Amino acid sequence: MNQLLEQFLSEAREFLQSIAEKLLLLEKEPKSTDLIMELFRLVHTLKGNSGLFDLPEMTRVLHASEDLMEAVRSGNVTYSVLLADTLLDAMDFVGMLCDELEANGNIDASHTSESANLSQMLRQLIWDVNNAPVCEEHDHESVLLNEFYRKEVIPKDLVQQLSRVSEPIRLAAFSSAMQGEPLHWLCYTPSEDCFFMGEDPFFQARQTPGLVGGGITPREPWPKLAELDAYRCVLDFHVLSLAPLGELNEFYRYVSDQVEIVTILPRTLIIPQGDLDESPVYVDFVTEALHLLHQGDREGLSLAVQSMQELANPELWISSALRWIVLVMTSGQEDSDEILKVILNSMQSCIPPEWTATKKEPSPAQPSAPVHDQTLCVESQQIPGAGGLLSDAMDVLVTIVAAQREILALPCDVSWLAGRINGVASVLSGCLGIIGREDALSELRKATESAVSQGTAAPVLEWLNRTFPPNTGQQGMPSPTIAGVKPILSPTGKQGVGVGANPARIPSSAQGEVKFGRRAEDSFLGTKILKVDQVKIDRLMNLIGEMVVAKNALPYVSGRAESVYGVRELSREIKTQYAVINRIAEEMQDSIMQVRMMPVSFIFQRFPRLVRDISHRLGKEVNLVLEGEDTEADKNIIEALGDPLVHIVRNSLDHGIEPPDIRRSASKPSAGTLTICATRESDRVIITIKDDGKGINPDFIKQKAYEKGLIDEDRLNRITDQEAINLIFAPGFSTADEVSDLSGRGVGMDVVKSAVEKVNGSLLLESEKNAGTCISLSLPLSMAVTNVMIVASNNQIFGVPMDVVVETVRVPRKDIRSIKNTQTTVLRGRIIPLKSLNFLMGMNTPPMASDEDELAVLVVQHGGEPVGVLVDDFHETVDIILKPMTGVLAGLAAYAGSALLGDGSVLMVLNIKEIL
Amino acid sequence: MPIIYKKNKAIFNEIIGVEEAEGLLEWLHQNPRGKIDLGSCTHLHAADLQVLMAAKNLISVQPVDISLAAWLVSTDIY
């Protein structure tokens, strides 16, 4: 799992925890603005963070939560227990997603609907208040909110929309669906400003999995061309698909709030189309066909249909119906008889597309919606007058009944219960009047009376359930009215009001039943990551440093025990103990350093984006190769490395890699390659940045440096190519004549160099003209422990960091020559300048020679050249914890810092670069 | 150029992006009787589509691309 995601997950858990805490606190003092602000901030940050990743489900819920908190913050919505519950549910859901993300590395698309439902519930809380009469003042914000939550409803004119799909497509889809493939009708209502978000809804619709056909309709009548806003999307898309629901949800997961998917029965597709011709010949045919059907004479029916097809003009409506009959007959569907009968009947009445009406007919074979004898539909069929109810009226009736059921299900502990029950009763009796069920009125009246007297809504609810039974499993929604259409996902529909959701998929709504298996009582999953303040680690680091120093005192003690007190046994025992303590201390130091270690991927992560952006801006093609991302180094080093690396990469892109056409003419691949590679070499991390660009032209650099006055004419003639290349690290050097946003300010590479040197790193630049440039950064693994060599001079000891020490030699005095004012010697055929440490430190004592008249020379690396430092004597090398100079001493540039030695003395560590 | 504008005809080529919508609208506004040749068009952005739908009855050549043509049938664009 990538580092960023890991970090996000650990942070998200913390946020969720604090959100839960704040919510609980808010319960105690709901008026606290501070808490609300804090809560808003938490949700807001969490949402922002989740937006970094491809987690539409999580972001959507958090976005809705944020909106809700915003509404609470601005006082449009007041805090309530319901609000807290819903928010907690939402946070549980987010927590669950986090768990899943951690376990699987991704989030299953199946959560899309839950996410849509949750955000719907959250928005509902804002919506409710905005609709309440209390908040009637239509300030700007609530108007916006209203507009935002304006809902599209489930397609009422499904048949009309379906009829827009051409007949051959519907015929084909019908056959496929008969083979057992799922059939879905999808309405995609893109938001008006979707074009500005880079979406192409038409493309999206065309790419729908399992697409068989579709249609596009404008949402509003077209204005005059002059008034048309081309960039405001007013198109709705409808898609008939044979893909499974899961696949569709996955495909539309980013816009799931703009998509409605319904599973439709294949028969819904049977919409004969064509010219109407009311010739009576069909009546005979229909009578005959019905007769044949009744007798079960399929062959005869098939013949009759065939001959009829030959007679009729294929353009006619009747031919279309015949085609459907043929298809239904060959499809071998169990209830094909029923369907055939319906089609034939519609032919008889010669009413154009009649499938709408037949939808309401009782068909026992309907698999998705079992119909009971007592259902609303059956009754409306049986009762004269009610059968003629239009489907719209039917929808309304269903909606009303469902709403009453919901009202009755509310808690009964309110003083206005009687009024509520009476209200429901009068609504229901009105409905009964309309559908002609006056006979049921008396029963209703009885139920109402007993309900009022008992102070509970139960009797009326019971009556309601008896008379208008809710469909099994579909709470509050007598589904047979929309037979053939099973609503699956209606994130935009209002909950429980007729267009409610299928509880099998979306755990039901307003009652707050949604639980995501994570509540306070659930087992607590401890995180594996511990976040510690860096100060604490630093303190540990200092302590272990002192420990190492203290432990180093033991050998001295042991030495004294033997030499001063003459107790040899004790001395040996001390040494044994020292070995043990030494081992433990070293391990401890190691593991504390481990805590501070970070993989370089922490800084590498930003490069893919950076390289992409810059190369686009420059019109270059670049392949970025990252290697060794898991190489670790101390946190301070890694952090100090970030900016220099960005500089180097920018330079490579800007100056190194050529534009594609130039590369091609130089017979290189048009895309350049930039390799950033991290490796570990003993106690150092090597980071190389290599490009295959045009390299650095030393002559050009020389010229530029001369122009800028960085070198004089004399040096210009003598300078080697490698030295010239290194001039790019000189302060004030820039090859660009004009300052661009990328380079040319002349503060590039010298800043890089000093930043790297600040963390005791070194920099190596190699470049070959037309072949590329390679910059290697060598950095210590950790800055905590420094290996220094102790040298003595003028009866004092000094430390010299080992990374600058090249070698130690003893040079006979006679081999030292003076050139001008400088002492030199020849070491392995190379002239090395010699400098006395005493002189450098401002002490006037000459270096002390050994008995053989040899001088101790410490050869150090200075700016790529060896320099000899004359000292009195060499001592051992030690690992020390280097403490930078503080206070007044901080101004002494000659010292890199100080350290305590085992015997308690202070060792001053020299900053060789400064004193030379 | 995805759309080639001729005197009285606009020829759509392959994929028409969202940025063409404004120009197309402008052209249709100036050439109300201009005809659209979708013959070699394989996809057009929803923004372009709605401009064509708003303009109505301008398509002189239907797209060869069967799936695009099938979609356009549903739009009253022809």
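Lettering follows sequence order; numbering is per chain, from 1. Fair warning: this is a prediction, and the values are worked out from it, not measured in the lab.
Between B:His45 and A:Phe203 the shortest side-chain heavy-atom distance does not fall below 4.5 Å. With contacts defined as side-chain heavy-atom distances shorter than 4.5 Å, the pair A:Tyr231/B:Leu25 does not qualify.
Residue-environment remark: CD (B:Glu22) stays at or below the threshold of 12 foreign heavy atoms within 6.0 Å. The number of heavy-atom neighbours closer than 6.0 Å to CD of A:Gln207, taken from other residues, nucleotides and ligands shown, is above 12.
Legend: residues meeting ring pair (Phe, Tyr, Trp, His ring centres under 6.0 Å) with B:Phe12, ordered by chain and number and at least two apart, are absent. Taking A:Asp613 as the reference, A:Arg609 meet the salt bridge (Lys or Arg N to Asp or Glu O under 4.0 Å) condition, with sequence neighbours excluded.
Nearest heavy atom pair, residue B:Trp71 against residue A:Gly215, reads CZ3-N, 3.6 Å. Between B:Thr42 and A:Arg206 the shortest heavy-atom distance is O-NH1, 2.8 Å. The two residues B:Gln50 and A:Asp229 have their closest heavy-atom pair at NE2-O, 3.8 Å.
Most heavy-atom pairs under 4.5 Å with chain A, from the set B:Ser67, B:Ala47, B:Ala21: that is B:Ala47.
For A:Glu199, the part sitting under 4.5 Å from any heavy atom of chain B is the backbone (N, CA, C, O) and nothing else. Interface remark: B:Leu44 contributes backbone and side-chain atoms alike to the contact with chain A (heavy atom separation under 4.5 Å).
Residue B:Leu49 holds its CG atom at 5.5 Å from CG of A:Leu235, rounded to the nearest 0.5 Å.
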